[in-house]
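Worksheet for the structure shown next.
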Amino acid sequence: MVEVRYFAAIADAVGKDSEHLELPPGATLADLRVRLADTYGPDLDKMLGVCAYLIGDELTRDTSVTVGRQVDVLPPFAGG
């Protein structure tokens, strides 16, 4: 079971701040993206393509990385 936490525009797109997903052992970020696109539509995959992912203490965009118990999906943030 993986807890996926969404922030900013991604949270708005999926309509929630977090959810728990059942993914197979050894699932990667690519697998997670496919699952999310299947659930929420192909437009979400375009957004996920520009996101960074926090897994434990590692911030990555490498879709070959294995997911952990928690994945934070972080879209680009604008500041001011």
Side-chain angles (χ1 to χ4, degrees):
M1 186 70 68
V2 177
E3 180 184 13
V4 183
R5 299 190 315 172
Y6 306 107
F7 295 86
I10 295 295
D12 291 341
V14 300
K16 57 185 89 171
D17 293 329
S18 68
E19 67 183 317
H20 288 85
L21 300 174
E22 190 73 39
L23 295 174
T28 64
L29 281 176
D31 298 324
L32 175 63
R33 283 184 55 183
V34 167
R35 172 76 177 274
L36 294 174
D38 286 348
T39 302
Y40 297 105
D43 287 341
L44 185 71
D45 191 54
K46 294 174 190 173
M47 294 176 71
L48 294 171
V50 298
C51 288
Y53 301 87
L54 183 64
I55 302 171
D57 292 335
E58 181 182 353
L59 186 64
T60 187
R61 286 190 167 87
D62 181 354
T63 58
S64 68
V65 172
T66 303
V67 299
R69 290 178 171 235
Q70 184 178 61
V71 177
D72 291 347
V73 183
L74 307 168
F77 292 95

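Side chains are part of it too, since the values below use all heavy atoms of this structure and drop only hydrogens, waters and symmetry mates.
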Is there a side-chain contact between Leu48 and Leu32, using heavy atoms and a 4.5 Å cut-off? no
Answer yes if Leu36 and Val2 sit in the same cluster of Ile, Leu, Val, Met, Phe, Trp and Tyr residues linked by side chain heavy atoms under 4.5 Å apart, and no otherwise. yes
Is the shortest distance from a Lys or Arg side-chain nitrogen in Lys46 or Asp43 to a carboxylate oxygen in the other one below 4.0 Å? yes
Which pair of heavy atoms, one from Leu59 and one from Leu54, lies closest together, and at what distance? N-CD1, 4.0 Å
Can you see which heavy atom on Tyr40 is nearest to which on Glu19, and at what distance? OH-OE2, 2.8 Å
Please answer: with hydrophobic residues joined when any side-chain heavy atoms are less than 4.5 Å apart, are Phe7 and Leu29 in the same cluster? no
Spatial distance of atom OG1 (Thr28) from atom CD1 (Ile55) [nearest 0.5 Å]: 9.0 Å
Nearest heavy-atom pair of Pro75 and Ala9: which atoms, and what distance? CG-N, 4.1 Å
Is the number of heavy atoms from other residues, nucleotides or ligands within 6.0 Å of CG (Asp45) greater than 12? yes
Starting from Val34, can I reach Val71 by hopping between I/L/V/M/F/W/Y residues whose side chains sit under 4.5 Å apart? no
Closest non-hydrogen contact found for Met47 with Cys51 is O-SG, 3.3 Å
If you take all heavy atoms of Asp31 and Gly26, which pair is closest and at what distance? OD2-O, 4.4 Å
Would you say Leu21 ends up clustered with Leu74 if hydrophobic residues are merged whenever their side chains have heavy atoms under 4.5 Å apart, either directly or through other cluster members? no
With rounding to the nearest 0.5 angstrom, report the CG to CD1 distance, Asp72 to Ile10. 12.5 Å
Tightest non-hydrogen contact, residues Glu22 and Arg35, listed as O-NH1, 2.7 Å
Taking atom NE2 of His20 and atom CZ of Arg5, what is their separation to the nearest 0.5 Å? 10.0 Å
